[in-house]
Amino acid sequence: MSELNAIIESYGQLEIEMRQCMQQVCEMFCGRCQTTCCRPVYCRESLDSPFLAEVRRRFAPGTRWDAALGWLTPTGCGLVAGRPPVCYEFLCRTILDAQPSPQARFRLEALAVLLTDAGRRAAGQGHLVEMTDLDRINAGRLTKQLAQARSFLDDLRKELRLNQS
Ligand code: SF4
Ligand code: SF4
């Protein structure tokens, strides 16, 4: 497997598990909220970004793009992986204020930027999802950042399981 393929694989797997974790925390709020935070203009980055397109091809093939709604479906985002990182970054006041402790809030905020942080400085100062030439990525740096993100996520998932038991 090439370095780029390995990065796409690690990133996509990380995104899927991170999304599940965020869903676990946010679902009870978003599920009954009347606000639609999603906008087709945000969806668009996943079409424009060569890296996110690769993640989508690998992890969400066949997901249908709608010219008016982007990836949004009546049941929420139809894209299981390859979403723009910004889609995970937004945490509304309701969700933040409902966190049981400052530590829980801090962990949730760190989780929300996991992909953003993992893709930083992919080439120079550029972010992985903004790169037009994937041959230029700094594979060593990204591999290290993805490993750090994986370690954070694994610890957090253990904690969430403990809190549930
Ligand atoms: S993030 Fe907040 S405002 Fe947006 S759908 Fe969820 S609960 Fe509603
Ligand atoms: S979460 Fe999905 S539907 Fe919502 S803005 Fe992001 S890509 Fe679009």
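Both counts, for ligands and for their atoms, begin at 1 and track the order of listing. Worth knowing before you read on, the calculation uses all heavy atoms, side chains too, and leaves out hydrogens, waters and symmetry mates.
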Closer than 4.0 Å to some heavy atom of C92 - which atoms of ligand 1 meet that? 1 (S), 2 (Fe), 3 (S), 7 (S)
For the pair R150 and D154, find out whether any cationic side-chain nitrogen is under 4.0 Å from an anionic carboxylate oxygen. yes
Looking only at protein heavy atoms, what sits closest to atom 4 (Fe) of ligand 2 is C38 SG, 2.3 Å
Under 4.0 Å between a side-chain nitrogen and a carboxylate oxygen: does that hold for D133 and R136? no
Residue portion contacting ligand 1 (non-hydrogen atoms closer than 4.0 Å) for C30: both
Is it true that a side-chain atom of Q99 and a backbone atom of I95 form a donor plus acceptor pair closer than 3.5 Å? yes
If the threshold is 4.0 Å, N to carboxylate O, is there a salt bridge linking E159 and R107? yes
Note: ligand 1 atoms sitting under 4.0 Å from heavy atoms of C37 are 1 (S), 3 (S), 4 (Fe), 5 (S)
Specify the protein heavy atom at minimum distance from atom 6 (Fe) of ligand 2: its residue, its atom name, and the distance to 0.1 Å. C87 SG, 2.2 Å
For ligand 2, which atoms, with element, lie under 4.0 Å from some heavy atom of W71? 3 (S), 7 (S)
Proximal atoms of ligand 2 relative to R39 (non-hydrogen, under 4.0 Å): 5 (S)
So is T35 close enough to ligand 1, meaning a heavy atom under 4.0 angstrom away? yes
Before you tell me yes or no, could you show the steps for R19 and R83 under side chain to side chain contact (heavy atoms under 4.5 Å, CB included), namely the whole-Å CA-CA distance, both residues' side-chain angles and the distance that decides it to 0.1 Å? CA-CA 10 Å; R19 179 175 52 71; R83 297 180 191 179; 3.3 Å; yes
Of all protein heavy atoms, the one nearest atom 2 (Fe) of ligand 2 is C77 SG, 2.3 Å
With side chains defined as the heavy atoms from C-beta onward, is the minimum distance between L111 and L153 less than 4.5 Å? yes
How close does the nearest protein non-hydrogen atom get to atom 8 (Fe) of ligand 1, and which residue and atom is it? C33 SG, 2.3 Å
Going through the checks in order, is the side chain to side chain contact (heavy atoms under 4.5 Å, CB included) test met by V55 and S49? CA-CA 10 Å; V55 174; S49 161; over 6 Å; no
Within 4.0 Å of some non-hydrogen atom of Y42, the atoms of ligand 2 are 5 (S)
Is there side-chain contact between R39 and L72, with heavy atoms separated by less than 4.5 Å? no
